[in-house]
Amino acid sequence: MAELLDRLQRAELPAAAQAFRAEVKDFIAREMPPLGADVRARSWMGFDAAFSRKLAARGWVGVTLPKAYGGAELDAFRRFVLVEELLAVGAPVAAHWIADRQSGPLINKFGSEAQKQSYLPRICRAEVFFCIGMSEPNSGSDLASIGTRAVRTERGWVLNGRKIWTTNADKCDYSIALVRTSGLPADRQAGLSQFIVDLRLPGVTVRPIVDLSGDAHFSEMFFDDVLLAGDALIGQEGQGWQQVNAELAFERSGPERLYSSVVLVDAWIRWMRRNGQIEQHAETLGRLLAHLATLRQMSIAVTAKLAAGESPLVEAALVKELGTTYEQEIPSIVEAALGASPGQPADPELLRAAAYLSHMAPTFSLRGGTREILRGMIARGLGLR
Amino acid sequence: MAELLDRLQRAELPAAAQAFRAEVKDFIAREMPPLGADVRARSWMGFDAAFSRKLAARGWVGVTLPKAYGGAELDAFRRFVLVEELLAVGAPVAAHWIADRQSGPLINKFGSEAQKQSYLPRICRAEVFFCIGMSEPNSGSDLASIGTRAVRTERGWVLNGRKIWTTNADKCDYSIALVRTSGLPADRQAGLSQFIVDLRLPGVTVRPIVDLSGDAHFSEMFFDDVLLAGDALIGQEGQGWQQVNAELAFERSGPERLYSSVVLVDAWIRWMRRNGQIEQHAETLGRLLAHLATLRQMSIAVTAKLAAGESPLVEAALVKELGTTYEQEIPSIVEAALGASPGQPADPELLRAAAYLSHMAPTFSLRGGTREILRGMIARGLGLR
Amino acid sequence: MFAEAIASLLQDRCTPQAVRAIEQGGSPAALSAALEESGFHELLAPEDAGGGGASWPDFHRVIELCGAHALPLPLAQTMAARAVVRAQPLPNGWITFAPWLVREADGSLRAGQVPFGRTASHVVGMAGDVALLLPVADARMEANGVYGSLAASLRWEPDAGTALDVTLPAARLQGLAAAIHASLLSGAMKKVFDLAMGYANERAQFGKPIGKFQAIQHQLSVMAEHVAAAAIAAEAAYHTEDQGLPAYAACAVAKARTSEAAQLVASTAHAVHGAIGVTEEYDLQLYTRRLHEWRMADGSETYWHRALGALCVQRSDALFVDLAREVFA
Amino acid sequence: MFAEAIASLLQDRCTPQAVRAIEQGGSPAALSAALEESGFHELLAPEDAGGGGASWPDFHRVIELCGAHALPLPLAQTMAARAVVRAQPLPNGWITFAPWLVREADGSLRAGQVPFGRTASHVVGMAGDVALLLPVADARMEANGVYGSLAASLRWEPDAGTALDVTLPAARLQGLAAAIHASLLSGAMKKVFDLAMGYANERAQFGKPIGKFQAIQHQLSVMAEHVAAAAIAAEAAYHTEDQGLPAYAACAVAKARTSEAAQLVASTAHAVHGAIGVTEEYDLQLYTRRLHEWRMADGSETYWHRALGALCVQRSDALFVDLAREVFA
């Protein structure tokens, strides 16, 4: 048996995590704003600072961060439960999401003590929101070809260039940007560094990018002679590529790779029940249930490895590829089903939820690695590369 | 619009071909042996010399060959109709199939007048049957790496080596073998030639290969110092590779890429009708019908190009890839449907037909080019290579 | 001839900018006037009646171009309505179809998600087998709120509309409406395929055009297969004839096959494009949004597979190959 | 512990040659005796009753190995039958399940395509909710004629068999029988994956191992995903419990997910192998033939998706994620 498959062992959530679930469900029942399915379908693109602050007040932002900085230090299983319950109802978590899952852990891992003290407590109180700054207009999945550049001067670092596909940059306070500090784009991953860029600094311009759903979740950031203090550098100069890969690893695990479309399934079921259509699509529902129950077991298996202090990158890639396929096929399946009764089309809210997910589903396999990259990781894990 | 797609224009069978269909249906009604669905599912693996001779007597073997040699000179549309009707009922056509579609046309195109006079009339009378001799144990789809070798001596060519995956070699009279006449396997396509090998010659050994269905349609041919007369060489010495590619082109067009599993669909429908199950699988049948009706239109479009004297290689590859997917998914769909009623399993004949096609379906995408090769041809046709 | 004429008109007047403006509620008057002047409304009418004398296959080629240009007006339905309703004059302006009208308990008429409901002035609908002409102005309109969608649900009072002298059963108009969407889908898919090909040839990554990578080549090859299948299925429907319209089973295959392909074509095009493809300012979304909407419009593949399945049940004594042949015979 | 023991036994005695011989009608006596001596029949019985005291998860791991070795005997069903039928002794020898017995109009009992029907001596069947022990020797047997298949249809006279003191509804035994096939499928898929990996690393074409080609790597990666999904679904079923057996919905998911994966895994393995894979003398077919047969046995994914769909309908007020969680809770 291939060792990779042996490493992905079934596990279960411990009783404590199960008990924690009741707390989360209770919180959601009380604090979740009343939103339509089409809004909830946006979930982790949905920016709601007030909701994030309520979560923070409950102690659930900065979940992996040390208590010393205001973090929750939730174990991996409780994190799984928290994320699962939030995404199951499509809670609007985008405001704090990146800081919670990527920027905060990055600062905690690579930052100086001063940086930690400056940023982490504010992250945990949901006072400051972060976004990513990796892609560039001509980089695509070839991140190493980055051309945005920071030059060291007597006054500090001077940043020039642009970043694109940053989520909610117009509403965030900081971006952690991967930029070139030496060499040329042709030098690829050598000479890249990471900076915490205060988005209110002079020379920073954010242009929201309207997408095919009419949303403006994405944006482009322009840096024109932005002067960064010396302590904006995070981690080691020239080590940006290595740091980013560690950061991507955080992003590649967890239940957010299964649940992007589940709000639609619930909305569809409710609509079918009201319209007497559920029996004719029961087999389809049964298949979706079999897949979700299985994917959830796989995701828990990955979580158990994280809980055990391992770094299950390949296992996570494997689960993510399957999970993304699942998330992407749901809107397609629902579309076909809604079109099965042209005399009784869906109500507008359900239609909007279906359309949003149908239109955005292609991006699910861009988040944190394309299909080709994930399959390549798995192939490497299998020893084929 | 990509030029490739513009080239695949809808066409229709002319009235004469439609009238010809009645003749073929009439012939089949009278001459088709009474075979179970599991036997008919073998169709163009099914060797029945008597049936082939009946077809020959009707003038329908050697359909592309000149009348001067006893051929039928059927136009491309009539050939389409003949093949369609034979495969629709799973007629056992394997005995003459290769001679009819590949070896005969090859001899007609590249052979000397003496070779034509020797072989073509016998092919058209279904007196001699041919098989292919291309693959070798270590060649796979890398045909150019061939190691079987013919050396010119004073007495003629001396052939040594082995060929594998030859269909029905134990029942055939001749094989057209692609062998090396100069250079080394490392020289690849250079130095290859084609020979008509009389399988009754001393030094030829045929070993049938039992497959996972218990059939022995495949076989391995061993050549030990087989002495071939000088006129066994077909076409030009050293031109074997070019000739084979022309031969593969013959193989890549036509309705045999749609109908491999259609006998199973008919058997399944009959069984469902008898057992009151057809309503619950109606949607599945509807989808199969939509795909087949469309694929058939595509196949007719390719046929029309052949009829117009063109060589629609890329168009044929495109239709074949879709058609093969269809042929392969049918047994899988039927399997799932048969397993939907565990209290009422299929009768043995239907089960055997389903099992045969489920087991052999993987080979459908090996015949005449793997999926990767076909997609590569399409990509080239699109100008991407 | 007709195709060349419409292509040039659409190229000039139905630009991506014009489409965006109309989607966002701008007036379609200029585009509308250009099309009305061109006489395409009467494309299918006999030449001696002042029409274009076009055949159904001509009509298909024209509609494909409407799809490829994301035309935000129901030109296809307007032309087809005039071919269906021969016995009486139809009003000027844009007509769309609602072949699955529902008569509510209170007598009001409901038409859900009518394609081009926001830009049409009249609806030709079927309530059971009764054909009705319904002014959109008399309806309560509910837009669906999907970004850029021109579909809308319409509801009329019980006495709304006028009966039409059309003797076709509802299924026939349903089939025709579906065939129209099959043609629109085919046209939009060809456009989407062109955009994906263009992008693959232009966009470089890791030092070469992404179209040189085997994974992208395979995606485009498979996409080409499905675009070709959809195109031929849509076209073939118009070469069948039953009581002057494309035959029902052929329309069913056309809409089923194009709808199934639409999903694959849209998702592959976006996969090839990456993030740029989902931005509003890049044109791809004009067409892929329609692929999703038109896949559902007038019955998704699920609806039409079921309709064809009923045919298979009814004709379960026939050879399956014969059944497949008869669809387009 | 149990897994290691059975693995070593199967490695020695259940060789591909032995499997082939039994499939072709050879006597299973030697293999049978080796297994009976080992005491695995009583794996699930409590230790104080002389059994193995194994848990259901232990049982699953043992069955997976039976699947991976294509064991031509119903060891899994025999072990499980003894766990289901606690109140009375069961005969020695091999017992298989027929949880969908049909009582014909003339009173005779029919069991279609009973797994291991050709090598079992008894059948534990459910006719409605009545459990019966039926000797195979008393049945009219009809082999299906599929090459190498050990399944057979059995028919008994009206008065055949003896009632068993089992109070479970038929659905529960159906679920257990399906879960057993899920484990067998998972084991066979792991074996098939290993063979494909081995072949990809060994077989060279165009001058390098085919496993170095991106297309093959992607096929194997996707295959790994589905093998992993199937394995975890099968295993998870045995960590649920309802009245001493794996819970029904969990069994349904296990069989549905493994059956769906089986098709992809079998076809990908053959695609990687090329022609050699379909030869009788190469071992791959021993396992892929079973993937096809076991996919259908005790309900294909279609059957179990429908069963799960009924659950979704019944619980349509629950959050879908909660429903998914409860399956394996």
Side-chain angles (χ1 to χ4, degrees), chain B residues 36 38 135 137-142 144-145 164-165 186 188 209-216 218 220 280-281 284 328-329 331-356 358-363 365-367 370-372 375-376, chain D residues 24 99-102 110-113 142-149 151 153 174 177-178 203-207 210 213 215-216 259-260 263-264 266-271 273-282 284-286 288-289 292-293 295-306:
Chain B
D38 52 334
S135 296
N138 295 310
S139 73
S141 50
D142 182 13
S145 69
I164 198 167
W165 312 129
R188 316 212 26 99
I209 300 173
V210 178
D211 69 29
L212 79 179
S213 297
D215 292 357
F218 295 124
E220 196 165 9
Q280 65 167 291
H281 296 292
T284 304
Q328 288 181 325
E329 73 182 7
S332 173
I333 287 167
V334 173
E335 238 178 38
L338 296 181
S341 53
Q344 196 177 44
D347 60 52
E349 180 184 325
L350 176 56
L351 267 186
R352 285 194 300 272
Y356 173 79
S358 290
H359 296 162
M360 293 305 282
T363 65
S365 45
L366 302 175
R367 310 189 288 215
T370 65
R371 231 164 248 297
E372 281 66 39
R375 289 188 187 164
Chain D
Q24 295 312 312
W100 282 272
L101 281 172
V102 174
R110 184 168 50 82
Q113 301 308 325
E142 185 185 22
N144 57 33
V146 172
Y147 183 75
S149 172
S153 290
Q174 290 163 358
R203 167 73 166 168
Q205 230 174 318
F206 301 100
I210 60 172
F213 290 96
I216 298 282
S259 297
E260 194 177 333
Q263 168 59 30
L264 179 137
S267 64
T268 308
H270 279 290
H273 275 86
I276 186 83
V278 300
T279 61
E280 203 282 333
E281 63 193 15
Y282 190 84
L284 178 65
Q285 54 89 14
L286 291 176
T288 55
R289 279 194 284 109
H292 288 285
E293 183 169 315
R295 179 189 182 203
M296 289 191 277
D298 291 325
S300 64
E301 66 267 38
T302 307
Y303 180 88
W304 291 108
H305 289 157
R306 289 174 180 175

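Each chain gets a letter, A, B and so on, in the order its sequence line appears, and its residues count up from 1. Since this is a predicted model, take the numbers as computed values, not measurements.
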Residues forming a side-chain contact (heavy atoms from CB on, under 4.5 Å) with D/Glu293, sequence neighbours excluded
D/Ser149, D/Ala151
Interchain contact, D/Arg289 with chain B, by part (heavy-atom threshold 4.5 Å)
both
Pick one of side chain, backbone, both or neither for D/Ala215, based on which atoms fall under 4.5 Å of a heavy atom in chain B.
side chain
Pair B/Gln328-B/Ser365, side-chain donor/acceptor within less than 3.5 Å:
yes
Under 4.5 Å from any heavy atom of chain D, what part of B/Leu351 do you find: side chain, backbone, both or neither?
both
For B/Phe218, which atoms come within 4.5 Å of any heavy atom of chain D: side chain, backbone, both, or neither?
side chain
Does any heavy atom of chain D fall under 4.5 Å from the side chain of B/Gln280, the backbone, both, or neither of them?
both
Of all heavy-atom pairs linking B/Asp211 and D/Tyr147, the shortest is O-CE2, 4.3 Å
Nearest heavy atoms of D/Pro99 and D/Ala177, plus distance in Å:
CG-CB, 3.7 Å
Hey, does the side chain of D/Trp304 reach the backbone of D/Asp298 with a donor-acceptor pair shorter than 3.5 angstrom?
yes
Minimal heavy-atom distance between B/Ser213 and B/Met360, with the atoms involved, is OG-CG, 3.9 Å
Option that, when pairs with chain D are counted at under 4.5 Å, heavy atom only, ranks first among B/Pro362, B/Ala337, B/Ser358:
B/Ser358
Less than 4.5 Å to any heavy atom of chain D: does that hold for the side chain of B/Glu372, its backbone, both, or neither?
side chain
If I measure from the heavy atoms of chain B, does D/Glu142 come under 4.5 Å with its side chain, its backbone, both, or neither?
side chain
Measure the spacing between CD of B/Glu329 and OG of D/Ser267 and express it to the nearest 0.5 Å.
11.5 Å
Is D/Gln113 in contact with chain B via its backbone, its side chain, both, or neither, using a 4.5 Å heavy-atom distance?
both
Distance flag, aromatic centroids of D/Tyr282 and D/His273, threshold under 6.0 Å
yes
Considering only heavy atoms and a distance below 4.5 Å, find which of B/Gly343, B/Ser332, B/Ala216 pairs most often with chain D.
B/Ser332
Can you tell me which of D/Gln285, D/Gln174, D/Glu260, D/Arg295 forms the most heavy-atom pairs within a distance under 4.5 Å of chain B?
D/Arg295
Return the set of residues passing side-chain contact (heavy atoms from CB on, under 4.5 Å) with D/Ala111 (not counting sequence neighbours), or none when no residue passes.
D/Ala98, D/Leu101, D/Val114, D/Trp156
B/Ala346, part contacting chain D, at a heavy-atom distance under 4.5 Å:
backbone
With chain B, which of D/His270, D/Met296, D/Arg110, D/Glu301 has the greatest number of heavy-atom pairs at distances under 4.5 Å?
D/Met296
Go through the atoms of D/Leu286 and report whether side chain, backbone, both or neither lie under 4.5 Å from a heavy atom of chain B.
neither
Under 4.5 Å to a heavy atom of chain B? For D/Val102 that would be side chain
If only atom types and distance count, is the side chain of D/Thr302 paired as donor or acceptor with the main-chain N or O of B/Ala336 below 3.5 Å?
yes
